[in-house]
Amino acid sequence: MAGSWLGPRRPIEIATDGENGLRKTLSWPHLVGLGVGAIVGTGIYTLTGVGAERAGPAIILAFAVAGVVCACAALAYAEMATLMPTSGGAYTYTYSVLGETLAWIVGWSLILEYSLACSTVAVGWSGYLVGWMQSLGIYLPPAILAGPHAGGIVNLPAVAVALAIAGMLIAGTRESATFNIILVAIKLTALTAFVALALPAFDADKFTPFMPYGFGSEVIEGKTRGVMAAAAIVFFAFYGFDAVATSAEEARNPGRDLTIGILGSMAVCTLIYMFVAVSAIGAVNYLQLGTSAEPLAFVLRSLDHPFAAWAIGLAALIALPSVILVMMYGQSRIFFVMARDGLLPRFLSRVSPRSGAPTTITAVTGVFVAVVAGFFRLDEIAELANAGTLVAFIAVAVCMMVLRRRAPDLPRVFRCPQPYLIGTLATLGCIYLLISLPTHTLTRFAIWNVAGIAFYVLYSRTRSALGSKNDHPA
């Protein structure tokens, strides 16, 4: 059905594309593992310190705010993912409910989210690897350990891990997801050990003053501070369940597996974050924590647990690739569906007959992520990943509410409780987090979307499979 500038809407009944459909290989343990693999990673290992620097002890409140917003969005995602069990997540839901134009904007934003998240984690992993090698007395030439912005030529370890993860995804989705469960187990074991060692040193006096920079996001002494400023960045540490939603077409039992995968991973990770944050802030002064690039290891060293600090670092080194795996998986599936719809070149949607995975687009995604990680400065643009995610979450919440009114009788495997309340909270919460990002981040995000809209107008709109059908009915 075509309509004004919003473009055509894809019928909800269209779930897959026949011979180009993805193979159903994933069950709920794989999906929970994918969600936890994305959520528990760079955020919990590094953003605890960043959040403490922005909000002080009130980082715990920042985690709670981000967690509540994500929980509301997760409920909307669970309903939409089980209603439309096909790949593409927020992009696909927007296409069916709001139209092709807005779906393109959401898909373009998701490309930004996943690519920057993958590249950021790859660079973080490279830092852990270099530190470990130097602790063993192995020193590589600085030129291959950093990009041109830092005086080097290329960050070779970051490039290598990005390409290695892409290779795993090309080998097959089930094999990658099973390996991811092992990495998730390592991370959870390490974090459990951290809480067990740090919590006994808890000192309530370290939580005073609790909110030194206030609740709102504002510039203080040249830096954006406050609970919401912290929430806007630690939000990065929570998303990941949206990557689970992109796997809907490959779920064996979408109604059961997606509900457990999305809500289960959110519940587990929210509890983990709260326990870790309380343990870290209660053990060391937040000012010290905010200066550390490896806050959890720093806490353990401060408590005279050098071996545990060493083990936490090793766990991060082993397990951080799971975050790259999940995010690259999500991005390749977004690319795949957009290409299958004709909005990107169609050859990108080819599926391997051996593995059942979209190998072409996965390879392209891996190379793109590797190039960004190897050559580009990411510290000033990493928050763009959050901006893209927040737009996608807003779209999903709106789609859920619109569809409840437009098609209330559609069979829903999972029904979001109080859909209009939850949907409104998710929408307003995401908007608040979005405007809490630094101005330069919002400006760059706007530029990215202007470029995307230009591409859509000049290329995608005239090649859209659905648009062509509407223009030339059979």
Side-chain angles (χ1 to χ4, degrees), residues 39 42-44 46-74 76 109 112-113 116 204-239 266 269-270 273-274 276-278 280-282 285-292 295 379-395 397-398 421-446 449:
I39 299 169
T42 304
I44 196 64
T46 63
L47 291 183
T48 302
V50 175
E53 190 268 340
R54 293 191 176 196
I59 182 184
I60 296 170
L61 186 55
F63 277 131
V65 170
V68 168
V69 173
C70 282
C72 291
S109 297
L112 185 70
E113 168 201 341
L116 292 182
D205 290 339
K206 289 187 171 63
F207 284 80
T208 303
F210 180 69
M211 199 183 299
Y213 308 115
F215 184 82
S217 175
E218 58 181 306
V219 178
I220 300 175
E221 297 179 353
K223 295 184 178 180
T224 305
R225 298 183 186 274
V227 172
M228 288 309 301
I233 186 64
V234 301
F235 178 81
F236 176 92
F238 274 96
Y239 63 75
M266 265 301 302
C269 293
T270 300
Y273 271 57
M274 298 304 291
V276 170
V278 168
I281 295 290
N285 185 278
Y286 73 89
L287 294 173
Q288 294 177 294
L289 194 66
T291 62
S292 176
D379 55 345
E380 294 184 352
I381 64 172
E383 285 169 309
L384 280 170
N386 283 7
T389 307
L390 287 164
V391 167
F393 286 4
I394 291 168
V398 171
L421 174 62
I422 294 296
T424 300
L425 289 174
T427 302
L428 295 179
C430 288
I431 291 174
Y432 192 15
L433 288 173
L434 187 63
I435 63 177
S436 297
L437 290 168
T439 302
H440 64 79
T441 298
L442 297 176
T443 302
R444 290 165 180 162
F445 183 61
N449 275 291

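Side-chain atoms are counted along with the backbone in the values below, which use heavy atoms only and exclude waters and symmetry mates.
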List in chain and number order the residues that pass side chain to side chain contact (heavy atoms under 4.5 Å, CB included) with Val391, two or more places apart in sequence or in another chain; answer none if no residue qualifies.
Ser109, Phe445
Sequence neighbours left out, what passes side chain to side chain contact (heavy atoms under 4.5 Å, CB included) with Cys269? Give chain and number order.
Val36, Ile39, Val40
Quick one: side chains of residues 50-59, donor-acceptor pairs under 3.5 Å with protein atoms, not counting sequence neighbours, listed by atom name and distance.
residue	atom	partner	partner atom	Å
Glu53	OE2	Arg225	NH1	3.1
Glu53	OE2	Arg225	NH2	3.2
Arg54	NH1	Ala229	O	3.1
Arg54	NH1	Glu383	OE2	3.3
Arg54	NH2	Glu383	OE2	3.1

Are Phe63 and Phe235 an aromatic pair by the rule of ring centers under 6.0 Å?
no
To check you understand the geometry: which heavy-atom pair defines the closest contact between Lys206 and Ile281, and what is its length?
CB-O, 3.6 Å
CG on Leu390 to CD on Glu113, rounded to 0.5 Å
9.0 Å
If the condition is side chain to side chain contact (heavy atoms under 4.5 Å, CB included), which residues does Ala62 pass it with, not counting sequence neighbours?
Val227, Ala230, Ala231, Val234
Ala397 versus Thr427, closest heavy-atom pair with distance:
CB-OG1, 3.5 Å
Quick one: side chain to side chain contact (heavy atoms under 4.5 Å, CB included) partners of Leu442, sequence neighbours excluded?
Leu434, Leu437
Nearest 0.5 angstrom please: Ile394 CD1 to Thr389 OG1, how far?
11.0 Å
Do Leu433 and Asn386 make a side-chain contact, defined as non-hydrogen atoms from C-beta onward lying under 4.5 Å apart?
no
Summary of salt bridge (charged side-chain N to carboxylate O under 4.0 Å, His left out) pairs that have at least one residue in residues 64-73, sequence neighbours excluded
none
CD1 of Ile233 to OG of Ser436: how many Å apart, nearest 0.5 Å?
12.0 Å
For Cys70 and Phe393, what are the C-alpha separation, side-chain angles and deciding distance, and is it a side chain to side chain contact (heavy atoms under 4.5 Å, CB included)?
CA-CA 8 Å; Cys70 282; Phe393 286 4; 4.2 Å; yes
To the nearest 0.5 Å, what is the distance between CD1 on Ile60 and CE on Met211?
11.0 Å
Applying ring pair (Phe, Tyr, Trp, His ring centres under 6.0 Å) to Tyr432 and not counting sequence neighbours gives none
